[in-house]
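Only one structure is covered here, and it is reproduced in the block below.
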Amino acid sequence: AGKKLSQARRKAAPKLETLVRRHLSDLGFAQAGFSMAFEDLADPSPEGFEHIEFLFSPNPGEPERPLRAIASSGEISRVMLALKTSLAAQDSVPILIFDEIDRGVGGATADAVGRRLAELAQSGQVLVVTHSAQVAALGDAQFQVSKHQTDSHTVSRIKQLDREERVDEIARMISGTQVTDAARVAAQTLIAGR
């Protein structure tokens with residue numbers, strides 16, 4: 001059984017590597033390297049005969065190194081999104097949660113991240129914590145989380161936003177504390193572009 005598992009892993013690896021690199025390109029890593037390294041174990045384990053390590057190079061000309069050792073939290077999040085998108089058809093996980101997966105990206109990359117998340121949502125529930133207007137606008141629903149101080153402690157609240165509240169919140173995400181008419185128009189445009 002272990003030998004069959006090893007053969008299947010090694011056969012599937014090149015296809016997965018290609019898919020992940022393609023998705024990484026769309027997520028702002030135009031020439032990223034991604035591969036899987038197989039290290040044979042001295043003794044078989046319940047997970048098989050080898051240890052598999054994801055190798056990553058975010059920039060051209062750099063050698064691929066272990067993802068866990070070199071990637072920032074934002075890079076790891078985008079690699080995870082590329083992996084999840086690549087495996088969506090085979091994945092049976094019903095709910096995915098991404099916490100600030102768009103940290104440190106904006107513009108076209110934030111839009112690409114949002115579109116990949118929307119694509120994943122076609123086959124399961126996707127919950128995203130975001131401060132990006134581009135990503136928030138691509139969701140089917142939007143919730144606002146707020147914290148309020150009482151005399152003795154902090155209370156967190158969550159509220160589902162209706163259409164107008166959603167426009168206002170995305171406008172606030174665009175312009176900051178002073179929501180302008182131009183920001184509202186931009187928010188409506190982002191939502192309409194879903």
Side-chain angles (χ1 to χ4, degrees), residues 8-39 50-91 93 95-140 142 170-171 173-176 182-183 185-194:
R9 285 174 169 167
R10 290 176 193 270
K11 183 178 177 184
K15 182 178 179 182
L16 179 60
E17 291 167 348
T18 299
L19 283 171
V20 170
R21 281 192 297 271
R22 186 177 312 141
H23 289 300
L24 284 172
S25 178
D26 294 341
L27 294 171
F29 295 110
Q31 297 177 22
F34 177 85
S35 62
M36 297 165 59
F38 291 78
E39 179 187 334
E50 65 272 315
H51 170 76
I52 300 171
E53 177 107 54
F54 292 143
L55 303 178
F56 179 63
S57 170
N59 302 307
E62 293 182 10
E64 292 179 356
R65 295 186 304 208
L67 176 69
R68 64 180 162 73
I70 65 156
S72 69
S73 60
E75 289 169 339
I76 288 172
S77 294
R78 285 188 279 162
V79 171
M80 176 60 79
L81 181 56
L83 277 164
K84 286 296 189 181
T85 304
S86 299
L87 297 170
Q90 290 80 30
D91 203 346
V93 177
I95 299 173
L96 296 172
I97 301 171
F98 293 95
D99 186 8
E100 296 186 22
I101 192 168
D102 49 9
R103 183 181 318 165
V105 301
T109 302
D111 184 67
V113 167
R115 293 195 184 283
R116 287 294 171 278
L117 291 165
E119 184 180 319
L120 276 176
Q122 299 303 310
S123 59
Q125 181 73 50
V126 176
L127 302 173
V128 180
V129 176
T130 184
H131 297 281
S132 167
Q134 292 101 321
V135 172
L138 289 164
D140 290 330
Q142 186 171 346
I170 291 174
M173 294 166 89
I174 292 169
S175 66
V185 169
Q188 289 169 336
T189 302
L190 283 174
I191 293 169
R194 296 178 349 124

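What you see below is based on every heavy atom in this structure, not just the backbone, and it leaves out hydrogens, waters and symmetry mates.
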Notebook entry, point to check: Are Met36 and Arg9 side-chain neighbours, meaning at least one heavy-atom pair lies under 4.5 Å?
Noted result: no
Closest non-hydrogen contact found for Ala136 with Ile170 is C-CD1, 4.2 Å
Tabulate below the donor-acceptor pairs under 3.5 Å that side-chain atoms of residues 77-84 make, not counting sequence neighbours, or state none.
residue	atom	partner	partner atom	Å
Ser77	OG	Ser73	O	3.0
Arg78	NH1	Leu27	O	2.8
Lys84	NZ	Asp91	OD2	3.0

Rounded to the nearest 0.5 Å, the CD1 atom of Ile95 sits from the CG atom of Leu127 at a distance of 6.5 Å
Could you check whether Asp111 pairs with Arg115 (Lys NZ or Arg NE/NH1/NH2 to Asp/Glu carboxylate O, under 4.0 Å)?
yes
- Task: Verify, without hydrogens or angle tests, whether Glu64 (side chain) and Phe34 (backbone) share a donor-acceptor contact under 3.5 angstrom.
- Result: yes
Show your working on side-chain contact (heavy atoms from CB on, under 4.5 Å) between Leu190 and Ile174 and close with a plain yes or no.
CA-CA 11 Å; Leu190 283 174; Ile174 292 169; 4.0 Å; yes
Heavy atoms of Gln134 and Gly107 approach each other most closely as NE2-N, 3.2 Å
Residues Arg10 and Pro14: closest non-hydrogen pair is O-CD, 3.3 Å
When every non-hydrogen atom of Ser25 is compared with those of Ala30, the smallest separation belongs to OG-O, 3.8 Å
Hits for side chain to side chain donor-acceptor pair (under 3.5 Å) against Thr189, two or more places apart or cross-chain, chain-then-number order -> none
Test your reading of the model: is there a side-chain donor-acceptor pair from Glu100 to the backbone of His131, 3.5 Å cut-off? no
Value for CZ (Arg21) from OG (Ser86), rounded to nearest 0.5 Å, stands at 10.5 Å
Separation between CG (Leu138) and CZ (Arg116), nearest 0.5 Å, reads 11.5 Å
Sorted by chain and number, sequence neighbours left out, ring pair (Phe, Tyr, Trp, His ring centres under 6.0 Å) with Phe29 holds for Phe56
To the nearest 0.5 Å, atom OG1 of Thr85 lies from atom CG of Asp26 at 9.5 Å
Checklist line | Derivation and outcome, side-chain contact (heavy atoms from CB on, under 4.5 Å), residues Phe54 and Val20 | finding: CA-CA 11 Å; Phe54 292 143; Val20 170; over 6 Å; no
Closest non-hydrogen atoms of Glu62 and Asn59, given as atom of the first, atom of the second and distance, are OE2-ND2, 3.2 Å
Student check: side-chain heavy atoms of Thr18 and Arg22 closer than 4.5 Å: yes
Open item on the list: Just so I know, are the side chains of Leu16 and Leu87 near enough to count as touching, which here means a heavy-atom distance under 4.5 Å?
Closed with: yes
Rounding to 0.5 Å, atoms CD1 (Ile101) and OG (Ser132) come to a distance of 11.5 Å
